[in-house]
Amino acid sequence: MSDAAIAKPRFLFFRSVMALMLREMSTSYGRSPGGYIWAFAEPIGGILVLTLVFGIIARSPALGANFPLFFATGMVPFLLYQSTAVNVGGAIRYSRPLLAYPGVTFVDAILARLILNGLTQILVGLILFGMIILLYGLKLQIHFLDCVRAAGMILALGLGVGLVNCYLMSMFPIWQFIWSVLNRPLFLISGVFFLIDRLPETIRSGLLWNPMAHPIMMLRRGIYDTYDAVYVSELYVYTVALLLGALGMLLLYRFHRVILDEGI
């Protein structure tokens, strides 16, 4: 087989992913009033609400002296996980008309939504942190490697959960509502507005089974040079993400034809 014949499928794969990303950008943001501005609305709104509430009942946040920065280090990673899981979970249903073409696969649709959502949410997070730092004149010694490690854990976990959800939501549409209800308590137990480290051991050990708590602690270690985050376990997060991702891919490879043919 010639090199040209080998290179063609690879080139087609990248073209498919890029085309799906451009379609996602135009439909999700290009047609709605405000476009990408809405991507900032949820984190800004959440940070403002938490700042107002906790600013009344406490003199200072659990870490540092700036409420918006502390809540941003919890809100931004949680929304990155949540949006990744949701977008990957709806990849097949959203792109079903295009999956009828022989050159486009469900893997292309999943990767396109993963990449676009990840880039969008990370850019939103960087802009929000930059705004907070400039607005309050903060001087931080940021450890960028820890921030990148936190983002890697979040994307891996969001992908793993999203792949399982992609099968469940495609086969059983009611699962989207069930998962939405089940996912809400996760915000309360992930350490978004408190530090898990300072809780009693019995409570802390239980909360650390939540994989989303670990990247939040890792990000705060990257932002705050006084925070050590000794309870972070990257191995645990990636193990959970790998197991969920493998299960989701096995189910999708087995049933993606059923999903597409029946148009569930």
Side-chain angles (χ1 to χ4, degrees), residues 21 24-25 28-29 32 34-51 54 61-89 111-162 183 186-188 190-196 210-225 227 229 232 234 237-238 241:
M21 288 176 61
E24 175 82 10
M25 291 174 64
S28 297
Y29 300 101
S32 60
Y36 274 94
I37 294 177
W38 292 108
F40 293 87
E42 188 172 7
I44 291 177
I47 292 169
L48 287 176
V49 170
L50 290 174
T51 299
F54 284 88
L63 189 64
N66 186 273
F67 278 105
L69 180 64
F70 177 74
F71 293 133
T73 57
M75 181 73 68
V76 169
F78 186 84
L79 291 179
L80 174 58
Y81 153 76
Q82 187 177 49
S83 62
T84 301
V86 168
N87 278 278
V88 172
L111 285 178
R113 292 202 117 192
L114 172 68
I115 294 171
L116 180 59
N117 175 79
L119 291 176
T120 300
Q121 294 299 323
I122 289 173
L123 179 60
V124 168
L126 290 174
I127 294 175
L128 284 177
F129 282 118
M131 290 171 58
I132 293 172
I133 292 172
L134 291 175
L135 183 62
Y136 291 92
L138 303 178
K139 296 182 179 180
L140 305 175
Q141 294 182 353
I142 299 176
H143 301 278
F144 292 99
L145 180 58
D146 287 339
C147 297
V148 172
R149 291 163 66 183
M153 285 191 284
I154 297 168
L155 291 174
L157 185 61
L159 176 61
V161 173
N183 194 56
L186 193 65
F187 179 83
L188 301 176
S190 296
V192 173
F193 51 86
F194 62 92
L195 288 180
I196 293 178
N210 170 19
M212 191 54 217
H214 297 264
I216 291 178
M217 290 189 292
M218 176 65 78
L219 180 62
R220 283 178 172 153
R221 188 170 80 177
I223 299 295
Y224 296 94
D225 57 352
Y227 180 59
V232 172
E234 292 178 89
V237 176
Y238 282 115

Minimal heavy-atom distance between Ala72 and Pro77, with the atoms involved, is O-CD, 3.7 Å
OG1 (Thr84) and CD1 (Ile154) are apart, to the nearest 0.5 Å, by 8.5 Å
Quick one: pull up CD1 in Ile142 and CG in Leu219 and give me the separation to the nearest 0.5 Å. 9.5 Å
Of all the heavy-atom pairs spanning Gln82 and Asn183, show the shortest one and how long it is. NE2-ND2, 3.4 Å
Short side-chain to backbone donor-acceptor contact, Tyr227 and Gly64, under 3.5 Å: no
Heavy-atom check, side chain of Phe67 versus side chain of Phe193, under 4.5 Å: no
Can you name the closest pair of heavy atoms from Gly152 and Tyr238 and give their distance? C-OH, 3.3 Å
Taken to the nearest 0.5 Å, the spacing of His214 NE2 from Glu234 CD works out to 10.5 Å
Is Arg113 reaching over with its side chain to a backbone N or O of Val86, donor-acceptor style, under 3.5 angstrom? no
Tell me if a side-chain donor or acceptor on Thr73 pairs with a main-chain N or O of Phe70 at a distance below 3.5 Å. yes
About how many Å separate OG of Ser83 and CG of Leu79, when rounded to the nearest 0.5 Å? 7.0 Å
Check whether any side-chain heavy atom of Leu80 lies under 4.5 Å from a side-chain heavy atom of Val76, and answer yes or no. no
Nearest 0.5 angstrom please: Leu63 CG to Phe71 CZ, how far? 11.5 Å
Qualifying residue for side chain to side chain contact (heavy atoms under 4.5 Å, CB included) with Leu140, from Ile132, Asn66, Asp225, Leu69: Leu69
Testing the basics here: between Ile196 and Ala213, what is the closest heavy-atom pair and its distance to 0.1 Å? CD1-CB, 3.4 Å
Indicate the atoms forming the closest heavy-atom contact of Gly191 with Arg220, along with that distance. O-NH1, 2.6 Å
How long is the gap from CG on Leu126 to SG on Cys147, to the nearest 0.5 Å? 9.0 Å
So which heavy atom on Pro215 is nearest to which on Ala150, and how close? O-CB, 3.5 Å
